[in-house]
Amino acid sequence: MSTLRPLLATAVLTLTVGALTLTAPAYAGTGVGTGKGDEAQQSAGSDDKGIYAAAKIQYSGSVTKNGSTGNVTSSDVNWTPPPCWYAPYLGAKDFKKKMSGEIEKAKNTPGMGGTAGTAIGQVQQHYEDEYGWTDTPGYKDYNVDKDGEGMFWAGVENPNEPDILKRSSCNELPFWVDNGDTPPPQYPEAIKPEMLAALAYQHMTLPDTKVTLAPAATTKVNLPTWAWLDKTVFDEVRATAAINVPGFNIQATTTAKPVSLKLEPGTDDAQTYPASGQCVINADGSIGEPYAKGKSDETPPCGLKYLRSSGNGTYKLRATITWDISWTGTGGAGGDLPDGTFGNEQAVTVQEIQAVNR
């Protein structure tokens, strides 16, 4: 029906859409869970048929505890995690209670009429009287005869997406998915393992990067400073995102592996070793080489040399690790994600002394 989609768009804007667009994590029903430690708990309601309400995405592993974005910066400036998605929301009986209440509230709003009123009426017909269109069948009495056999799915906004238009773009009317079935193909934003992997990436927290220096916090002009990271400092970091509701259980684990260290001296009056400042990871997982007596005249495999004193202040040496990031998920899915970076600054004092005994 050529006029239906514009009318439905009007309906979505007109309804007080608590039933249509959720803010992630998607809470519904009673018995809302809370996050404990590194793992966010499922939020769900229940009745005599068991769990019926949507679960929020569960995050575990090395992730932020407060739901904010992690500290990973993607090397691909054009890559972004999903701004919104469709996910299981409510069982049929509870969806009927929620949606019918929203419809009645909208219909009774003073001044409601014209296009908006027609749109609200068609939404009601869609869920009550099997009013559908080409690729979307309607429902009889909100599918209550199938309660427990599936769930209505609804749009979920990613609260960490700054663009409100992108965040609110999953604005199709809620749709039914039978337990064990995949969502209809006309909803490409329906949550899937690769999207969970991207969300795990967005929430991942990488360890601080503080390199060991020799000399340590105070070095000398024109004296090579050795820099290294022990192999025990960095290991693989994992973050997992999962959705678990009756008939729909998917998860993805995003894994970050350190591959190189970049040194930025904090001044142009310096040299880095190697010249690129990029120290590759060694076969044993370490980066660089620890300084030892007798190496004062050698060029460090990873390090730097300051050519000017820092005076009464310090230089801000920045050490940034590049991480190779990949993911695996439900059904054997998997692949690569853009490399991630995270770094820290540490103060280095440089004194005007040409020679020193270590």
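Counting from 1, the numbers follow the sequence of the chain as shown. Because the structure is a prediction, the values reported are computed rather than measured.
- Within a 6.0 Å sphere centred on CG of D268, heavy atoms belonging to other residues, nucleotides or ligands number 12 at most.
- A 6.0 Å sphere centred on NZ of K166 holds no more than 12 heavy atoms belonging to other residues, nucleotides or ligands.
- Ion pairing between a basic and an acidic side chain is recognised when a charged N comes within 4.0 Å of a carboxylate O; D145 and K140 show no such pairing.
- Between F95 and Y127, the angle of the ring planes goes over 60°, which puts this pair in the perpendicular group of the 30/60° scheme.
- For the pair E157 and R167, the salt-bridge criterion is met [side-chain N within less than 4.0 Å of a carboxylate O].
- Donor-acceptor pairing under 3.5 Å is recorded for the side chains of Q351 and K220.
- Here the straight-line distance linking atom OH of Y315 with atom CD of E264 works out to 15.5 Å at 0.5 Å rounding.
- Each of W85, F248, Y89 was compared with W153 under the ring pair (Phe, Tyr, Trp, His ring centres under 6.0 Å) criterion, and only F248 meets it.
- Every residue was checked against the salt bridge (charged side-chain N to carboxylate O under 4.0 Å, His left out) condition with K192, not counting sequence neighbours, and none meets it.
- D284 and S286 are linked by a side-chain donor-acceptor pair at a separation below 3.5 angstrom, with hydrogens and angles left out of the test.
- Remark: the S326 side chain and the T255 side chain contain no N/O donor-acceptor pair separated by less than 3.5 Å.
- Clustering ILVMFWY residues whenever any of their side-chain heavy atoms sit less than 4.5 angstrom apart, transitively, puts Y291 in a cluster other than the one holding Y273.
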Next item on the list: Might you work through the salt bridge (Lys or Arg N to Asp or Glu O under 4.0 Å) test for E345 and K316, ending with a clear yes or no?
Entry: CA-CA 6 Å; E345 291 182 346; K316 299 298 183 182; 5.7 Å; no
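- Between the side chains of Q124 and K107, at least one donor N or O lies within less than 3.5 Å of an accepting N or O.
- Aromatic ring centres of H203 and Y59: separated by under 6.0 Å.
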Margin query: For a side-chain contact (heavy atoms from CB on, under 4.5 Å) check, start with the C-alpha distance between N249 and I243, then their side-chain angles and the critical distance, and finish with the verdict.
Written below: CA-CA 6 Å; N249 301 276; I243 288 183; over 6 Å; no
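- Below 30°, between 30° and 60°, or above 60°: for Y86 and F175 the angle between ring planes is above 60°, a perpendicular geometry.
- You'll find the ring centres of Y201 and W323 outside the 6.0 Å limit.
- Environment of NZ in K262: crowded, with over 12 heavy atoms of neighbouring residues, nucleotides or ligands closer than 6.0 Å.
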Next item on the list: Give the intermediate values and the outcome of side chain to side chain donor-acceptor pair (under 3.5 Å) for residues T240 and T253.
Entry: CA-CA 4 Å; T240 296; T253 297; 2.8 Å; yes
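- In terms of heavy atoms, W226 sits closest to P300 at CD2-CB, 3.4 Å.
- In the hydrophobic cluster analysis, where Ile, Leu, Val, Met, Phe, Trp and Tyr join through side-chain heavy atoms closer than 4.5 angstrom, V259 is grouped apart from M204.
- At a threshold of 4.5 Å between side-chain heavy atoms, the hydrophobic network of Ile, Leu, Val, Met, Phe, Trp and Tyr places L229 and V280 in two separate groups.
- Looking at Q346, its side chain does come within 3.5 Å of a backbone N or O of V211 through a donor-acceptor pair.
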Using a 3.5 Å cut-off and no angle test, enumerate the donor-acceptor pairs between side-chain atoms of residues 327-335 and protein atoms at least two apart in sequence or in another chain.
from: T330; atom 1: OG1; to: Q251; atom 2: N; distance (Å): 2.8
from: T330; atom 1: OG1; to: Q251; atom 2: O; distance (Å): 3.3

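- A donor-acceptor contact closer than 3.5 angstrom links the side chains of D178 and W176.
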